[in-house]
Colleague: 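Quick one: structure below, then a few questions.
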Number of protein chains: 2
Amino acid sequence: MDEKVVKEIRAFNRSYVRTIGLLQNSILNSGYSLTEAHILNEVNSKQDSTATSINQELKLDEGYLSRVIKKLISKSLIIKEQSLTDKRVFVINPTDKGINEYQKLDKLASKMVKNNMEHLSHIQQIELADLLGKVKALLKKE
Amino acid sequence: MDEKVVKEIRAFNRSYVRTIGLLQNSILNSGYSLTEAHILNEVNSKQDSTATSINQELKLDEGYLSRVIKKLISKSLIIKEQSLTDKRVFVINPTDKGINEYQKLDKLASKMVKNNMEHLSHIQQIELADLLGKVKALLKKE
DNA sequence: AAAAATACTTGCTAAAGACAACTATTTTTA
DNA sequence: TAAAAATAGTTGTCTTTAGCAAGTATTTTT
């Protein structure tokens, strides 16, 4: 494989990690940890999540996940109900408060992205979205 | 600002974070924490680093950085010498072992990137590098 | 010369996460 | 169908990572 290509990709990764890192840190100022925000996102993105389904995405330690879920329950952001068909399983859904908080986080994340792009002209912004879309498409082909 | 653009960028961030996250985790299996790897990178990238110069890039807690540096010294990966011209300053450089370990990490990171791209054709790889270069250029304009 | 700033360190604490052992339930298999 | 294995989740314990505040030493500013 072309070393030049690898070099270019790694240079991009380094610079982009820093950018995304800053966006993520802004979420940390919202009162939720990154993991909590991710779980909130999972639970709000699909109905009847379970610890297992959440962890298929997040790949955390199960014990740790269990505790974070407990914490989110204690904050009344999610509820957990034992499945009637399989009593090993506990179905998780957001409360109204959880939906609300998630939407706040979502808006915050959008705002951060906007702030990060605001020095670009409108045409450049469209170009950026176009470029990223193409990259995503290339990398999706598994 | 165009909501569609923001949406596209956020979708990209999500998918890319996952990709980079996997690469970073592979480094974690090398026996060094991400922070240690970053410091090793800093110290190997430029001569006579200092805690302050490292932190201009990494932006860690100063106390924590001080301790991680101490740990790397105890592992004989870096050495620290008091500056003769300004005794507040301690100049940091990699040892031979530190240079060696850094090169190992560097190769590992390249390998991971390669693995991640290997399902792409040569033309697609070049296209990817080209797209990422353009994105980086767009975002660099501060 | 005193005050402020810089460079770094240390004590203390909390958060994030890993590992192993455990309960409860369901599925597989011999 | 009873025993074994697998699945889903929890809890105890520990380490790592990191942040905050107060400290030392030195240099710069006033």
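Atoms considered below: every heavy atom in the structure, side chains included; atoms not considered: hydrogens, waters and symmetry mates. All of these numbers come straight from a predicted model, not from anything done at the bench. Numbers restart at 1 for each chain; the letters A, B, ... are given by sequence-line order, proteins then strands.
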Colleague: Pick the closest DNA chain C nucleotide for A:Thr35 and for B:Asp86 by heavy atoms, then say which residue is nearer the 5' end.
Modeller: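 The residue whose closest nucleotide sits nearer the 5' end is B:Asp86.
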Colleague: Within this structure, what is the NZ-to-P distance between A:Lys70 and D:dA8, rounded to whole angstrom?
Modeller: 20 Å
Colleague: Could you state the atom-to-atom distance from CD of B:Glu62 to P of D:dA21 in whole Å?
Modeller: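 Between P of D:dA21 and CD of B:Glu62: 13 Å.
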Colleague: Would you kindly give the OH-to-P distance between B:Tyr32 and D:dT17, to the nearest whole Å?
Modeller: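 Taking atom P of D:dT17 as the reference, OH of B:Tyr32 is at 13 Å.
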Colleague: Round to a whole Å and report the spacing from CG of B:Leu60 to P of D:dT16.
Modeller: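 Value for this atom pair: 18 Å.
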Colleague: Looking at B:Lys114 and A:Glu3, is there a salt bridge between them, counting it only when a charged N and a carboxylate O are closer than 4.0 Å?
Modeller: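 Result for this pair is yes, salt bridge flagged.
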Colleague: Would you check if there is a donor-acceptor pair between the side chains of A:Ser33 and A:Thr35 at a distance under 3.5 Å?
Modeller: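 No donor-acceptor contact under 3.5 Å links the two side chains.
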Colleague: Of A:Glu36 and A:Thr85, whose nearest nucleotide on DNA chain C comes first from the 5' end?
Modeller: A:Glu36
Colleague: Whole angstroms only, please: what is the NZ-C1' distance between A:Lys80 and D:dA8?
Modeller: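 Distance check: A:Lys80 NZ to D:dA8 C1' gives 11 Å.
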Colleague: Hey, does A:Phe90 reach any base, or is it just sugar-phosphate, or nothing, if we go heavy atoms under 4.0 Å?
Modeller: sugar-phosphate
Colleague: Distance from A:Phe90 atom CZ to A:Asp48 atom CG, nearest 0.5 Å?
Modeller: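 If I round to the nearest 0.5 Å, the distance is 14.0 Å.
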Colleague: Please determine if a side-chain N or O atom of B:Lys87 lies less than 4.0 Å away from the OP1 or OP2 oxygen of D:dT28.
Modeller: no
Colleague: Quick one: OG1 on B:Thr50 to CG on B:Asp86, what's the gap to the nearest 0.5 Å?
Modeller: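 Reported to 0.5 Å precision, the distance equals 10.0 Å.
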Colleague: Any idea which heavy atoms bring A:Leu139 and B:Tyr16 closest together, and the distance?
Modeller: CD1-CE1, 3.6 Å
Colleague: Once you apply a heavy-atom cut-off of 4.0 Å, does B:Asp61 come out as touching a base, just sugar-phosphate, or nothing?
Modeller: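 If one applies the 4.0 Å heavy-atom cut-off, B:Asp61 turns out to touch a base.
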Colleague: I'd like to know if B:Arg67 reaches the base of C:dG11 with its side chain, counting only an N/O donor and acceptor under 3.5 Å.
Modeller: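 Between C:dG11 and B:Arg67, which were checked side chain against base, a qualifying N/O pair under 3.5 Å is present.
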Colleague: Which comes earlier along DNA chain D counting from the 5' end, the contact point of B:Val68 or that of A:Ala51, where each point is its nearest nucleotide?
Modeller: A:Ala51
Colleague: Please tell me if B:Thr52 has a side-chain N or O lying less than 4.0 Å from either OP1 or OP2 of C:dT6.
Modeller: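 So the side chain of B:Thr52 is outside the cut-off, no N or O lying under 4.0 Å from OP1 or OP2 of C:dT6.
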Colleague: Look through every strand shown and name the nucleotide pairing with D:dT30 as Watson-Crick or G-U wobble, where both distances are under 3.5 Å.
Modeller: C:dA1
Colleague: Provide, to the nearest angstrom, the distance between the CD atom belonging to A:Glu81 and the C1' atom belonging to D:dG9.
Modeller: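 Nearest whole value for this atom pair: 16 Å.
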Colleague: Quick check: on DNA chain D, is the nucleotide nearest A:Arg88 upstream (toward 5') of the one nearest A:Tyr64, or the reverse? Name the residue that is more 5'.
Modeller: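 It is A:Arg88, whose closest nucleotide lies nearer the 5' terminus.
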Colleague: Using whole Å, report how far CD of B:Gln82 lies from P of C:dT9.
Modeller: 10 Å
Colleague: Expressed as a whole number of angstroms, how long is the span from B:Ile54:CD1 to C:dC8:C1'?
Modeller: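 These atoms are roughly 12 Å apart.
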